[in-house]
Amino acid sequence: MTMPDRPSQRVAVCTGTFDPVHLGHLDIIQRGSMLFDELVVGVGPNPDKAPFFTAAERVELLKEVVRPLPNVRVEAFEGLAVQFVRSAGARIMLRGLRTLSDMEYEFSMSLMNLNLDPGLETIFLMAREEYSHVSSTLLRQIAQFGGDLSKFLPHSVRLALEQRTRELNK
Ligand code: ADP
């Protein structure tokens, strides 16, 4: 059996909408940064709904919270995630898994991505228990009703979400 060349640097890409980034995302990013030489966080479009924060705002919020992690960089992308992974010089996609329902979706997604690009591998990290119920959608809803977000969001992101919610409610 001939083995493909092993890259000297292991680069992984973690894509998502990050609308906005929360502590569940940050946990996966932090743990990923320990596993790979470089981790690229790709901020992509959400084909299903208009985002709460613009791509530029989501990138800014992420850049601020990953600043302590020197091997993590953040970039926005348009189009297919597999193409972004390749353009970032990687062949590994890193994803977080929260629930069984995530598993079903992520399973089809990773098989589709493998079809689109057979050289690409998806690696999953299980969400930490305390964040396994956290999603950006839920946090936006909690913000709408003035709930306490401090357990789930970095300080700067909490302020930005509260501010944007106030603006939209005016
Ligand atoms: P997408 O819209 O592609 O699901 P998200 O912004 O929701 O993007 O999530 C980006 C990545 O972070 C995905 O791999 C997702 O599974 C993971 N993720 C989302 N929420 C959590 C969480 N609470 N704990 C761990 N991983 C999470």
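All values derive from a computational prediction rather than experimental measurement.
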Task: Whether Phe77 and Phe84 hold their rings parallel, tilted or perpendicular, with breakpoints at 30° and 60° - done: parallel
[atom1] of [X] to [atom2] of [Y]: how many Å apart, nearest 0.5 Å?
| X | Y | atom1 | atom2 | value |
| --- | --- | --- | --- | --- |
| Met109 | Met93 | CE | CE | 7.0 Å |
| Leu39 | Ser33 | CG | OG | 6.5 Å |
| Thr137 | His22 | OG1 | NE2 | 8.5 Å |
| Ser150 | Leu23 | OG | CG | 9.5 Å |
| His133 | Tyr131 | NE2 | OH | 9.5 Å |
| Met126 | Thr99 | CE | OG1 | 9.0 Å |

Open item on the list: I need the single residue from Val65, Val66, Val41, Leu153 that forms a side chain to side chain contact (heavy atoms under 4.5 Å, CB included) with Val21. Which is it?
Closed with: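 Going through the options one by one, the only one that passes is Val65.
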Is there a path of hydrophobic side-chain contacts, each under 4.5 Å between heavy atoms of I, L, V, M, F, W or Y residues, that connects [X] with [Y]?
| X | Y | value |
| --- | --- | --- |
| Leu168 | Leu149 | yes |
| Ile142 | Leu61 | yes |
| Leu114 | Val82 | no |
| Phe124 | Val11 | no |
| Leu120 | Phe36 | no |

- [ ] Enumerate the residue pairs fulfilling side-chain hydrogen bond (donor to acceptor under 3.5 Å, both in side chains) with a member in residues 115-125, sequence neighbours excluded, ordered by first and then second residue.
- [x] Arg86-Asp117
Task: Within 6.0 Å of CD in Glu167, more than 12 heavy atoms from elsewhere - done: yes
Open item on the list: Taking the side chain as everything from C-beta on, heavy atoms only, tell me whether Arg58 gets closer than 4.5 Å to Thr17.
Closed with: yes
TODO: Taking the side chain as every heavy atom from C-beta outward, state whether His25 and Ser136 have any atom pair closer than 4.5 Å.
DONE: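 His25 reaches Ser136 side chain to side chain.
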TODO: Please list, chain by chain and in numerical order, all residues satisfying side-chain hydrogen bond (donor to acceptor under 3.5 Å, both in side chains) with Ser132, sequence neighbours excluded.
DONE: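 Counting only residues at least two positions away or on another chain, Ser132 forms no side-chain hydrogen bond (donor to acceptor under 3.5 Å, both in side chains).
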Open item on the list: Going by the rule side-chain hydrogen bond (donor to acceptor under 3.5 Å, both in side chains), which residues pair with Arg10 if we only count those two or more places apart in sequence or in a different chain?
Closed with: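 With sequence neighbours excluded, Arg10 shows a side-chain hydrogen bond (donor to acceptor under 3.5 Å, both in side chains) to no residue whatsoever.
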Open item on the list: Pair Leu62, Val43 - check side-chain contact (heavy atoms from CB on, under 4.5 Å), show working.
Closed with: CA-CA 9 Å; Leu62 262 157; Val43 179; 3.4 Å; yes
Open item on the list: What I want to find out is whether Asp102 reaches Arg95 closely enough, with some N-O distance under 4.0 Å, to be called a salt bridge.
Closed with: no
TODO: Return the minimal non-hydrogen interatomic distance between Leu94 and Gly32, and the atom names on each side.
DONE: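 What the structure gives for the nearest pair is CD2-CA, 3.8 Å.
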Open item on the list: Looking at every heavy atom in both Phe107 and Ser110, which two are closest together, and how far apart are they?
Closed with: O-OG, 3.1 Å
- [ ] Under the side-chain contact (heavy atoms from CB on, under 4.5 Å) rule, collect the residues that match up with Thr165, sequence neighbours excluded.
- [x]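 Per chain and number, Thr165 pairs via side-chain contact (heavy atoms from CB on, under 4.5 Å) with Phe52, Ala143, Gln144, Leu161, Asn169.
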Task: Set of salt bridge (charged side-chain N to carboxylate O under 4.0 Å, His left out) partners for Asp37, sequence neighbours left out - done: none
Open item on the list: Checking Glu64 now: which residues fulfil salt bridge (charged side-chain N to carboxylate O under 4.0 Å, His left out) with it, not counting sequence neighbours?
Closed with: none
